[in-house]
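Worksheet: the structure to be examined is printed underneath.
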Protein chains: 2
Amino acid sequence: MNANVFRKGAFCSKSGAYINTRIVDIYESEPVGSHLSVKGWVRAMRKMKDNVFIDVSDGSCSKKLQVLISKTKCTKSLTYGAAVEAAGSLVMNRNGQLELAAEDVTVVGACAITDGYPFAPRKSYPPDYVRQFLHLRPRTNMFGALLRVRDVASHVINEYLRNNGYIHVHTPVLTSNDCEGAGEVFQVKPDSENLVKEMAKNGMSLEEAYFDSRTYLTVSGQLHLEAVVRGLSKVYTFGPTFRAENSRSRLHLAEFYMIEAEAAFIDTLDELMKVMESLIKHVTSQVMEKCADDVEMLHLADGNERSALSVFERPFEVMTYDEAIDILDRHSGNFVSQVRKGQGLGKEHELYLVKHCGDCPVFVVDWPHDIKPFYMKQSRQDNSKVSAVDLLAPQVGELCGGSLREDNFLLLQEKLHKAGLYETLGWYLELRKYGNVPSAGFGMGFERFLQIVLGIPNIKDTIPFPRWPHNCKL
Amino acid sequence: MNANVFRKGAFCSKSGAYINTRIVDIYESEPVGSHLSVKGWVRAMRKMKDNVFIDVSDGSCSKKLQVLISKTKCTKSLTYGAAVEAAGSLVMNRNGQLELAAEDVTVVGACAITDGYPFAPRKSYPPDYVRQFLHLRPRTNMFGALLRVRDVASHVINEYLRNNGYIHVHTPVLTSNDCEGAGEVFQVKPDSENLVKEMAKNGMSLEEAYFDSRTYLTVSGQLHLEAVVRGLSKVYTFGPTFRAENSRSRLHLAEFYMIEAEAAFIDTLDELMKVMESLIKHVTSQVMEKCADDVEMLHLADGNERSALSVFERPFEVMTYDEAIDILDRHSGNFVSQVRKGQGLGKEHELYLVKHCGDCPVFVVDWPHDIKPFYMKQSRQDNSKVSAVDLLAPQVGELCGGSLREDNFLLLQEKLHKAGLYETLGWYLELRKYGNVPSAGFGMGFERFLQIVLGIPNIKDTIPFPRWPHNCKL
């Protein structure tokens with residue numbers, strides 16, 4: 001294990017002529033002839049008669065830099081997986097590719113390839129295998145690409161919303177309410193029993209001792225956004241969200257990221273759908289442009305067709321819930337199982353509707369009042385419906401959910417009473433009492449978005465450290 | 001409560017001549033003479049003989065737009081706090097200020113000012129009072145300013161790190177390890193007892209049923225970043241972090257935000273401190289520039305001197321822990337209570353050291369091994385010390401903590417054994433076995449940073465929905 005002691009200034013001592021450079025910068029701007037060094041990891045090696053070719057990656061982009069070094073200068077610890085610093089001159093090789101003609105390659109940290117290292121060079125592994133080694137997964141080509149795309153997609157989402165006047169608000173993870181009312185929440189209390197006992201007031205359960213109330217992990221920041229939007233007009237949040245379900249599907253995580261936007265003075269679903277559609281289209285095209293190499297690598301590896309990339313190019317379709325049910329009814333039995341009017345849609349139904357629209361994303365609007373949460377606005381034309389919209393997309397089904405919010409004080413009060421939420425959500429009702437405005441908003445699952453754009457079948461391969469039932473490794 | 005029914009298209013119907021415009025855009029670019037409408041909230045009203053002056057805010061900037069309307073056109077529901085839409089022509093008034101000469105002011109939502117609304121016009125309230133109404137706080141001038149600054153500061157931090165090659169990684173909130181080993185963690189389990197029972201495997205406690213392990217809220221993303229940095233070279237995270245302490249100080253929250261950055265191939269504290277100092281200085285100057293109005297408003301209201309703004313302008317000081325103890329020793333008794341060599345510093349000591357440096361932020365380096373976490377790198381010159389750095393700043397004391405990470409496999413193995421962490425952190429040790437590199441990183445408390453820059457005494461006034469002992473409202 002001595003090889004992993006970093007040799008400080010190994011190159012500076014030689015007159016400091018080698019400028020340490022990131023590989024992404026080399027490909028973008030470094031002229032042939034530069035004296036430079038790169039620091040990274042050996043992804044592959046090819047030994048020739050006198051020389052060794054080493055593919056070095058530093059994770060700054062999907063491209064590796066080929067390093068050429070004389071065999072005589074190679075040490076035994078220079079293997080696949082090792083961390084290295086290579087210094088030399090940048091040349092254009094016979095194949096027209098940039099190459100570092102190295103004077104020196106120092107092994108910064110050896111890789112114990114014969115002692116449990118799970119990856120071999122130039123081999124691609126099924127995601128299920130790689131996922132067993134979450135701590136080493138970021139070193140694989142594929143997952144490095146995913147992480148870079150995820151970074152860019154996050155950045156572009158923030159940028160788009162800010163450029164359109166939305167202010168980023170950090171809604172809380174810890175909350176005393178269950179926004180969706182579905183009961184699929186995680187409960188939180190201090191780990192220390194002594195602390196809990198010390199803090200418990202008379203007559204309070206230990207679950208309530210720390211915060212004076214039962215406390216959960218957020219399932220949505222929407223209710224909090226609704227408070228803030230009545231002061232800032234346009235707000236959004238982009239953070240971790242939690243569901244305590246026993247689902248092992250390829251579309252669910254216990255901890256996932258959601259973009260939620262809320263705007264005041266919106267009173268039609270049309271306006272809301274415009275925001276959703278333009279956000280998704282803008283972000284997708286920006287990701288394709290800024291991460292072309294990474295996106296291509298991810299698609300090629302999975303055998304996906306490039307057509308997946310065009311999912312978001314056409315105008316999205318729109319249909320009502322009633323129309324959706326009619327379509328499903330007409331095809332039930334042979335192609336899709338039956339669903340009754342008034343019921344929610346299953347994944348199978350969602351995907352069927354998308355297929356029915358020619359694999360085009362489709363907004364389903366005007367849902368039955370009885371199967372949607374209390375905060376959705378009752379339709380003034382048909383009080384059995386609420387002004388809600390789900391966006392269904394290929395591969396994942398539901399990608400976004402949104403609605404106009406009930407802005408009538410009396411109707412909301414009645415609904416809160418019925419749902420038994422009047423006590424805990426009195427503050428939410430009060431928002432309608434003081435300078436109230438119509439507002440609307442939506443949430444988009446970030447990982448599902450990445451699944452579609454990158455053609456990734458399992459959601460667990462879109463997030464650095466996935467958490468799902470029976471799995472919270474690391 | 002009928003006034004809160006939004007009157008759709010009230011202005012469009014009149015030939016659509018009024019373009020709805022955000023107030024920030026009006027001040028930035030709208031020429032005098034434009035026909036436009038604004039939508040927002042009444043912050044103040046002055047009734048004159050024939051006319052009424054209304055200050056309207058839409059939260060897009062700290063400035064209000066003055067709206068002038070004939071008294072005859074005002075309805076009874078047009079009061080302080082109401083949500084309005086005002087339409088007319090933009091003029092320059094006699095005082096050289098932009099003003100909307102309104103044809104029409106529609107009350108979108110009335111404000112029940114005599115029925116519990118806690119704020120009155122043109123009055124400023126102590127933060128402790130405002131904090132009782134977290135759901136209405138975003139409508140106050142002061143907290144609106146805070147939220148905009150928080151948004152810009154977040155944005156600038158992301159921008160700076162990305163421009164410097166750091167890749168944003170979403171480290172998990174749910175984790176099976178306690179990075180700092182201080183035991184101040186929150187524990188997480190599903191709220192549904194049925195779900196827990198259904199999922200519990202033989203011999204497992206109910207706490208472990210969902211994830212097959214006890215699961216906590218993260219206290220730091222550092223260990224996860226260390227896994228990712230050994231593939232991407234430079235990474236950061238910026239998200240919620242949790243501490244289950246019974247502290248009611250003006251500097252602690254149960255849920256707070258932390259920026260954590262980690263870079264591979266760094267092996268001196270000097271390099272790390274350069275990153276910390278330049279990040280802080282860049283972000284501060286950008287916030288001052290982009291949020292000049294909001295920052296000034298926050299400072300004026302609190303009676304703070306402008307000098308607070310210059311905290312981060314000078315070069316930061318550097319001293320060793322031993323030097324710090326000497327300074328404290330020399331002044332103990334009269335000015336500061338005693339601290340023994342080898343002990344940690346209290347808030348009082350931190351602030352005294354900052355004062356000693358002329359109110360300049362100061363890096364304290366080379367800390368005693370025994371009082372710092374297992375992951376810090378043992379000094380090769382003095383094995384009683386670790387290569388750790390705390391940045392102390394005026395007003396808050398500790399603002400950042402960072403270190404070189406122990407990169408020697410055998411030393412780390414020994415430390416994990418001693419700390420009883422070998423079982424749970426085997427994966428972390430493995431990072432040193434395969435292509436290891438020296439790495440270093442730091443974390444900065446985002447709310448404390450805002451406290452300093454904005455001169456906000458209580459950390460609870462820097463975050464939209466603060467959580468602290470006995471308080472998790474909303």
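Just so it is clear: chains get the letters A, B, ... in the order the sequence lines come, proteins before strands, and each one is counted from 1.
Within the 3.5 Å criterion, the main-chain N or O of Asp58(B) finds a donor-acceptor partner in the side chain of Ser233(A). Checking side-chain atoms of Tyr434(A) against main-chain N and O of Leu136(B) turns up no donor-acceptor pair under 3.5 Å.
Note: Cys472(A) leads Cys472(A), Gly59(A), Ala227(A), Ala82(A) in heavy-atom pairs under 4.5 Å with chain B. Taking chain B as the reference chain and counting heavy-atom pairs below 4.5 Å, the highest number among Glu430(A), Arg22(A), His155(A) is found for His155(A). Ranked by heavy-atom pairs under 4.5 Å with chain A, the list Leu174(B), Asn20(B), Val228(B) is led by Leu174(B). Here Lys201(B) is the residue among Lys201(B), Lys234(B), Glu198(B), Glu226(B) with the most heavy-atom pairs under 4.5 Å with chain A. Heavy-atom pairs under 4.5 Å with chain A were tallied for Arg230(B), His168(B), Arg150(B), Glu207(B); the largest tally goes to Arg230(B). Note: Gly40(A) leads Gly40(A), Gly426(A), Pro466(A) in heavy-atom pairs under 4.5 Å with chain B. Listed options Pro172(B), Ser192(B), Gly144(B) were ranked by heavy-atom pairs under 4.5 angstrom with chain A; first place goes to Pro172(B). Ranking Ala209(A), Ser57(A), Gly239(A), Gly165(A) against chain B, the residue ahead of the rest is Gly165(A), based on heavy-atom pairs under 4.5 Å. Comparing Val24(A), Asp115(A), Leu134(A) by heavy-atom pairs within less than 4.5 Å of chain B, the highest count is held by Asp115(A).
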>> Working note: Arg139(A) + Leu431(B), criterion side chain to side chain contact (heavy atoms under 4.5 Å, CB included); need CA distance, chi angles, decisive distance, verdict.
In response: CA-CA 11 Å; Arg139(A) 313 177 181 208; Leu431(B) 299 177; 3.9 Å; yes
> After noting the C-alpha distance and the side-chain angles of Asp212(A) and Asn471(B), does the key distance pass the side chain to side chain contact (heavy atoms under 4.5 Å, CB included) rule?
Replying inline: CA-CA 7 Å; Asp212(A) 286 8; Asn471(B) 283 278; over 6 Å; no
> Passes side chain to side chain contact (heavy atoms under 4.5 Å, CB included), Val169(A) versus Asp151(B)? Steps please.
Replying inline: CA-CA 7 Å; Val169(A) 174; Asp151(B) 165 60; over 6 Å; no
>> For a side chain to side chain contact (heavy atoms under 4.5 Å, CB included) check, start with the C-alpha distance between Leu232(A) and Arg148(B), then their side-chain angles and the critical distance, and finish with the verdict.
In response: CA-CA 9 Å; Leu232(A) 297 186; Arg148(B) 284 185 296 273; 3.9 Å; yes
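Across all their heavy atoms, Ile167(A) and Leu147(B) have their closest contact at CG2-O, 4.1 Å. Here the shortest heavy-atom pairing between Ala264(B) and Trp41(A) reads CB-CH2, 4.3 Å. Ala83(B) approaches Asn436(A) most closely through the heavy-atom pair CB-O, 3.4 Å. Looking at every heavy atom in both residues, Val173(A) comes nearest to Pro240(B) through CG2-CG, 3.7 Å. The heavy-atom pair separating Met199(A) from Asn246(B) by the smallest distance is CG-ND2, 3.5 Å. The heavy-atom pair separating Ala244(A) from Pro190(B) by the smallest distance is CB-CB, 3.9 Å.
Only the side chain of Tyr257(B) has a heavy atom closer than 4.5 Å to any heavy atom of chain A. Contacts of Glu159(A) with chain B are absent, with no heavy-atom separation under 4.5 Å from either backbone or side chain. Neither the backbone nor the side chain of Asn158(B) comes within less than 4.5 Å of any heavy atom of chain A. Only the side chain of Leu195(B) comes within contact range of chain A, with at least one heavy atom under 4.5 Å from a heavy atom of that chain. With a threshold of 4.5 angstrom between heavy atoms, Glu208(B) does not approach chain A through any atom at all. Only the side chain of Ser154(B) comes within contact range of chain A, with heavy atoms under 4.5 Å apart. Looking at Val235(B), neither its backbone nor its side chain comes within 4.5 Å of chain A, counting heavy atoms on both sides. For Thr175(B), the parts lying near chain A are the backbone and the side chain together; criterion is any non-hydrogen pair under 4.5 Å. Contact of Arg214(B) with chain A is made through the side chain alone, with heavy-atom distances under 4.5 Å. At a 4.5 Å heavy-atom cutoff, Ile463(B) makes no contact with chain A through either its backbone or its side chain. Of the two parts of Phe446(B), only the side chain, counted from C-beta on, holds a non-hydrogen atom closer than 4.5 Å to a non-hydrogen atom of chain A. Both the backbone and the side chain of Pro469(B) come within less than 4.5 Å of a heavy atom in chain A. Only the backbone of Lys473(B) has a heavy atom closer than 4.5 Å to any heavy atom of chain A. With a threshold of 4.5 angstrom between heavy atoms, Val42(B) does not approach chain A through any atom at all. Only the side chain of Phe242(B) comes within less than 4.5 Å of a heavy atom in chain A; its backbone stays farther off. Interface residue Leu474(A): backbone and side-chain heavy atoms are both found under 4.5 Å from chain B. Contact annotation for Phe133(A): neither backbone nor side-chain heavy atoms come within less than 4.5 Å of a heavy atom of chain B. Heavy atoms closer than 4.5 Å to chain B are found nowhere in Arg137(A), neither backbone nor side chain.
Crowding of Glu193(A) atom CD: a count of heavy atoms from other residues, nucleotides or ligands under 6.0 Å not exceeding 12.
Ring geometry, Phe465(B) versus His224(A): the interplanar angle exceeds 60°, so the pair is classed perpendicular (tilted spans 30 to 60°). Relative orientation of the Trp427(B) and His135(A) rings is perpendicular, given thresholds of 30° and 60° on the angle between their planes. The aromatic rings of His170(B) and Phe238(A) sit tilted, their planes meeting at an angle between 30° and 60°.
Tyr210(A) places a side-chain heavy atom less than 4.5 Å from the side chain of Phe186(B). Residues Phe265(B) and Val108(A) are in side-chain contact: their nearest non-hydrogen atoms beyond the backbone lie under 4.5 Å apart. Within the 4.5 Å cutoff, side-chain heavy atoms of Arg467(A) are placed close to those of Phe211(B).
Here the straight-line distance linking atom CD of Glu255(A) with atom OG1 of Thr218(B) works out to 9.0 Å at 0.5 Å rounding.
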